[in-house]
Q: 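Dumping the structure here so I can ask a few things about it.
Order of the sequence lines sets the chain letters (A, B, ...), proteins ahead of strands, with each chain counted from 1. All values below were derived from every heavy atom in this structure, side-chain atoms included, with hydrogens, water molecules and symmetry-related copies excluded. What you see is a predicted model, and the numbers here were worked out from it, not measured in a lab.
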2 protein chains.
Amino acid sequence: MRSSEKGKALEDEGRQALSRGLATAWGVKDRPGKGPKPGLSLERIVEVAVQVAETEGLSAVSMSRVATVLGAGTMALYRYVESKEELLMLMMDAAFREHPLPPAPDEPWRVAVERWARQHLAVLRKHPWVVRIALGGPPITPNQVVWFERGMSSLSGTGLPEMAKLDSLSLINGWVRHEAMLEADLREAERRAGTNAAEALTSYWHTLGVLTDVQRFPALSALVAAATSDAAATSDAQFTFGLERILDGIAHVGKRRGPQRRTPRSVRQKRNHPPAGT
Amino acid sequence: MRSSEKGKALEDEGRQALSRGLATAWGVKDRPGKGPKPGLSLERIVEVAVQVAETEGLSAVSMSRVATVLGAGTMALYRYVESKEELLMLMMDAAFREHPLPPAPDEPWRVAVERWARQHLAVLRKHPWVVRIALGGPPITPNQVVWFERGMSSLSGTGLPEMAKLDSLSLINGWVRHEAMLEADLREAERRAGTNAAEALTSYWHTLGVLTDVQRFPALSALVAAATSDAAATSDAQFTFGLERILDGIAHVGKRRGPQRRTPRSVRQKRNHPPAGT
DNA sequence: AGCCTACTGCGTACGCCATACGCTTTACTG
DNA sequence: CAGTAAAGCGTATGGCGTACGCAGTAGGCT
């Protein structure tokens, strides 16, 4: 497939599959230029919506709020976007406007993948509202697709079959999102309670300790004891731990271990869905 | 701490920290029996709310909807629950009413952990609305705490330090939730489009193929080619792949590998937040 | 030149939502 | 049997997303 063919293909069938805002985002649009010139632009709308989310949280993002900031009527937005859900999708895409660096040549896959994951996490930390948006399927918006591409290419050094790479990326992606969600929860808890994160955590362990007795909850009791004696809180350590485990796990695909063995063949077995998120 | 002390402690300080509904859920409640008898019960309310979510989706769950089913006024619910958010929290807890089997004695940790993860996923598959609820922090409701306990205890065979076990559980938990979310997304997409999941997937790969050209997206092009040639879709394979990777990774903690090494000491380094979700 | 018509802008309206407030009714405590 | 604390609940407020349809604009065609 050459690029020109793609352009034609997009014009022909891309638009019928893609919704209004998505088509604009991909730069596929028939501008017949018939009626009055559009007074707004999708870019501005998304930009304003992001700004609102950034400063007042995702819950402050409403169609009327965004329209008011733009000095337009609420319904004007629906000329550019099919629904609020689509706006959210595009906001999310905007958050990934800055692309991750492509893997350097000869870079070990492990380094490349770790960088990708950390850059992903950095984006989600910078825009905490992103993880509050339910991703409604696999990545389809322009920037998300770029991240998807870069993620896959950072895994190419593993030599895994395509589908195993996909599954691996999904695993990493899930971990990044999970971590970002926890952090967002914690931040919100501290904002609501007016305390800092460390206090919120201490208070959690305390409450859990009160709620659980040793007989019924031996494992938790041990955990609470260990947690309360240990002090400082860094989410980074938890994230790093999980990431290392995942990378170790990927590195060991196909290596036999212990009694039950699984060769990489087991990996190819069936099809599954693509990773959502980035 | 003995159990009786716990009971007292709960009465004293548990209630001030716990919100109304949570206190009831834990069975900590001062029923002074002053006013009229409550006409409803928290249990019934949550049960009805769950039923609505089960049959019509989470978005159909509103205070007035639940109240109507119960034959009560909307505001009556607020005698039992502090806010809708709390109701959602309790609904989530109710979904985990059936507890996972505790690890059998002498059971290898790997088997126990895998069972825990699969049972967790089974719950989320049975109640897809659960993953749509943003978990607002670490587990604090009764059933979730039991799952938390069982998860930790299934990891006790690893011999890892408490905090590493916690981090591991969080990793597994994140993967389970991520997988369940993807499946829920897919199910919703197929419901909305009126097609089955396989078609939705095919259509996704097709769209992605149209959107991406080989020069700009080499890795994705390769993936799309592999994906479209491969047919059947099972989410289970993807989940299993990730889970195996994680378990491998956990099993290899502390084992040196390659040039850069990380001993288990690096695992203990700092504190981090507890796993949310179960 | 001027009409046609596709398109944009946007006001109005509808049916939801969560929940603050305060009045009425109830039933236990002293 | 009074006092009072709690429950029930109607009303009201201030949102929300979006369906609908009218009015006005400007490019394309005759």
Q: Could you tell me whether T74(B) contacts a base, only the sugar-phosphate backbone, or nothing, with contacts defined as non-hydrogen atoms closer than 4.0 Å?
A: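 Counting heavy atoms under 4.0 Å across all strands, the contact made by T74(B) includes a base.
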Q: What is the separation between atom OH on Y78(A) and atom C1' on dT12(C), rounded to the nearest whole Å?
A: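 Computing the Y78(A):OH to dT12(C):C1' distance gives 15 Å.
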Q: Using a strict threshold of under 4.0 Å (side-chain N to carboxylate O), is an ion pair present between R216(B) and E149(A)?
A: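 Salt bridge: no.
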Q: Mind checking whether H120(A) and W116(A) have parallel, tilted or perpendicular rings, split at 30° and 60°?
A: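 Ring orientation, 0 to 90° scale: perpendicular.
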Q: What is the distance, rounded to the nearest whole Å, between atom CG of L42(A) and atom P of dT8(C)?
A: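 Roughly 13 Å, once rounded to whole Å.
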Q: Nearest of dC17(C), dT8(C), dC10(C) to any side-chain atom of A76(A)?
A: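 Among dC17(C), dT8(C), dC10(C), the one nearest the side chain of A76(A) is dC10(C).
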Q: Quick one: E82(B) CD to dA7(D) P, roughly how many Å, whole number?
A: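 Spelled out: CD on E82(B) to P on dA7(D) is 12 Å.
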Q: Roughly, in whole Å, what's the span from CZ in R79(A) to P in dA19(D)?
A: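 So the two atoms are 12 Å apart, to the nearest Å.
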Q: Please tell me whether H99(A) and W147(A) form a close aromatic pair, meaning their ring centres lie under 6.0 Å apart.
A: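 H99(A) vs W147(A): aromatic centres not under 6.0 Å.
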Q: What integer distance in Å separates I45(B):CD1 from dA18(C):P?
A: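 Atom CD1 in I45(B) sits about 14 Å away from atom P in dA18(C).
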Q: Output yes when E188(A) and R132(A) qualify as a salt bridge under the 4.0 Å nitrogen-oxygen rule, no when they do not.
A: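 A salt bridge is present here (some side-chain N lies under 4.0 Å from a carboxylate O).
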Q: Within the 4.0 Å heavy-atom criterion, would you say S83(A) contacts the bases, only the backbone, or no part of the nucleic acid?
A: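 Sugar-phosphate, backbone atoms only, no base.
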Q: Send over the distance from R65(A) CZ to dG14(D) P, rounded to a whole Å.
A: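 Taking CZ of R65(A) and P of dG14(D), I get 17 Å after rounding.
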Q: Quick check: on DNA chain D, is the nucleotide nearest M75(B) upstream (toward 5') of the one nearest K84(A), or the reverse? Name the residue that is more 5'.
A: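 Its nearest nucleotide lies further toward 5', so the answer is M75(B).
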Q: How close or far is atom P of dG9(C) from atom CZ of R44(A), stated in whole angstroms?
A: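 About 14 Å, once rounded to whole Å.
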Q: To the nearest Å, how far apart are E86(B) CD and dA18(C) P?
A: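 Distance, rounded to whole Å: 15 Å.
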Q: Hey, is the side chain of S64(A) poking within less than 4.0 Å of OP1 or OP2 on dG15(D), counting only N and O atoms?
A: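 The answer is no; no side-chain N or O of S64(A) sits under 4.0 Å from OP1 or OP2.
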